[in-house]
Amino acid sequence: MKCEPDAYTIDDLARDRRASWEGVRNYQARNFMRDDMQKGDGVLFYASNADPSGVTGVAVIERAGYPDHFAWTPRHKYFDPRSAPDAPVWYMVDVAFVERFPETIALATLKATRGLEAMMVTQKGSRLSVQPVTKPEFDTVVRLGRRRSGS
DNA sequence: GCCAACGTTGGC
DNA sequence: GCCAACGTTGGC
């Protein structure tokens with residue numbers, strides 16, 4: 001799951017311990033949250049538009065997809081008149097903090113790592129803010145994150 | 001700040 | 001339903 005550091009970081013999540021992931025306004029990303037993400041699923045926290053951009057830590061799905069009520073909150077920045085309580089258009093999940101990597105695993109590192117060639121985020125033009133990750137990919141990235149800590 | 005890639009909108 | 005115009009994302 002991607003987020004720009006200006007908006008939210010893994011450190012923010014470490015402090016808050018839990019956060020709702022509202023504001024996703026892309027249908028494909030919504031479908032992943034609404035249909036596929038289950039409580040207990042691992043999450044790679046990705047800082048986009050960062051220096052460097054990359055995976056900064058791990059979270060876990062704390063609550064599976066549910067309607068993004070900010071979409072029907074007038075004057076909220078995520079308001080969308082197409083969505084309504086009886087016919088929600090947008091969905092969100094809740095995530096909980098798991099761990100923060102000592103160093104960002106930069107996108108360039110992900111691209112250079114064997115086993116991540118097919119990972120969505122390493123593909124050109126990969127803009128989706130919520131992307132599926134396979135178990136082997138997840139494990140490979142977590143291993144990278146921990147290796148850099150010397151642990 | 002540039003700009004390629006991509007998604008969405010809307011005229012026809 | 002096509003597709004040009006436009007807006008956004010996000011790496012660099």
Side-chain angles (χ1 to χ4, degrees), chain A residues 1-16 19-37 41-61 64-95 97-134 136-149:
Chain A
M1 302 184 81
K2 296 185 190 175
C3 195
E4 299 198 13
D6 284 352
Y8 205 69
T9 67
I10 190 72
D11 291 319
D12 292 329
L13 186 60
R15 177 198 63 211
D16 298 340
S20 54
W21 208 269
E22 67 273 13
V24 173
R25 294 294 178 264
N26 170 282
Y27 287 102
Q28 204 179 343
R30 176 207 65 182
N31 292 347
F32 287 130
M33 293 199 295
R34 186 190 60 188
D35 304 334
D36 298 324
M37 298 172 89
D41 285 351
V43 173
L44 297 176
F45 194 111
Y46 183 96
S48 58
N49 263 319
D51 189 21
S53 294
V55 179
T56 55
V58 177
V60 64
I61 298 296
Y66 61 104
D68 184 341
H69 56 270
F70 295 100
W72 60 67
T73 303
R75 288 176 301 280
H76 194 276
K77 66 173 169 173
Y78 294 135
F79 177 68
D80 184 342
R82 291 173 294 182
S83 192
D86 58 345
V89 173
W90 303 115
Y91 282 72
M92 61 207 261
V93 296
D94 290 354
V95 301
F97 176 76
V98 173
E99 71 178 283
R100 176 192 186 284
F101 293 155
E103 278 180 51
T104 299
I105 309 306
L107 180 59
T109 302
L110 299 176
K111 286 179 174 174
T113 298
R114 195 187 320 190
L116 302 182
E117 298 88 354
M119 192 176 181
M120 191 180 284
V121 80
T122 65
Q123 311 304 306
K124 190 177 180 184
S126 184
R127 302 191 324 181
L128 259 196
S129 67
V130 179
Q131 307 185 349
V133 177
T134 66
E137 289 164 350
F138 184 90
D139 292 342
T140 297
V141 174
V142 169
R143 220 175 297 125
L144 281 175
R146 291 178 181 159
R147 180 158 66 202
R148 298 197 162 200
S149 72

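Letters A, B, ... mirror the listed sequences (proteins, then strands); counts begin at 1. Just so it is clear, the structure is predicted and the values come from calculations on it, not from any experiment.
Of the residues in residues 20-31 of chain A, Asn26(A), Tyr27(A) come within less than 4.0 Å of DNA chain B through at least one heavy atom, sorted by number.
Aromatic ring pairs are classed by plane angle as parallel below 30°, tilted from 30° to 60° and perpendicular above 60°; the pair Phe70(A) and Tyr78(A) is perpendicular.
Axis angle between the ends of the helix from dG1(B)-dC12(C) to dC12(B)-dG1(C), five pairs each and rounded to 10 degrees, works out to 10°.
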Just list the side-chain donor-acceptor pairs under 3.5 Å for residues 1-13 of chain A, sequence neighbours left out, or say none.
residue: Lys2(A); atom: NZ; partner: Ser126(A); partner atom: O; Å: 2.8
residue: Lys2(A); atom: NZ; partner: Leu128(A); partner atom: O; Å: 3.3
residue: Glu4(A); atom: OE2; partner: Asn49(A); partner atom: ND2; Å: 3.0
residue: Tyr8(A); atom: OH; partner: Asp12(A); partner atom: O; Å: 3.4
residue: Tyr8(A); atom: OH; partner: Asp16(A); partner atom: OD2; Å: 2.5
residue: Thr9(A); atom: OG1; partner: Asp11(A); partner atom: N; Å: 3.2
residue: Thr9(A); atom: OG1; partner: Asp12(A); partner atom: N; Å: 3.1
residue: Thr9(A); atom: OG1; partner: Asp12(A); partner atom: OD2; Å: 3.3
residue: Asp11(A); atom: OD1; partner: Arg100(A); partner atom: NE; Å: 2.5
residue: Asp12(A); atom: OD1; partner: Arg15(A); partner atom: NH1; Å: 3.3
residue: Asp12(A); atom: OD2; partner: Thr9(A); partner atom: N; Å: 3.0

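Not a single donor-acceptor pair under 3.5 Å links the side chain of Thr122(A) to the backbone N or O of Lys111(A).
When all heavy atoms of Trp72(A) and Pro85(A) are compared, the pair lying nearest together is CE3-N, 3.5 Å.
Scored by the side chain to side chain donor-acceptor pair (under 3.5 Å) test, Glu117(A) finds no partners at all (sequence neighbours excluded). Listed by chain and number, the residues in a side chain to side chain donor-acceptor pair (under 3.5 Å) with Asn26(A) amount to none (sequence neighbours excluded).
Take the nearest nucleotide of DNA chain B for Asn49(A) and for Lys124(A): the residue whose nucleotide is more 5' is Asn49(A). With the nearest nucleotide of DNA chain B identified for both Arg82(A) and Ser126(A), Ser126(A) has the one nearer the 5' end.
The closest side-chain heavy-atom distance from Val43(A) to Val58(A) is not below 4.5 Å. Residues Leu44(A) and Glu137(A) form no side-chain contact, since every pair of their non-hydrogen atoms from C-beta on lies 4.5 Å or further apart.
Bracketed by its first and final contacts, the part of DNA chain B lying under 4.0 Å from non-hydrogen atoms of chain A reaches from dA5(B) to dT9(B) in 5' to 3' order.
The only option from Arg25(A), Arg34(A), Arg30(A) that meets the salt bridge (charged side-chain N to carboxylate O under 4.0 Å, His left out) definition with Asp68(A) turns out to be Arg25(A).
A side-chain donor from one of Asp94(A) and Tyr66(A) sits under 3.5 Å from a side-chain acceptor of the other.
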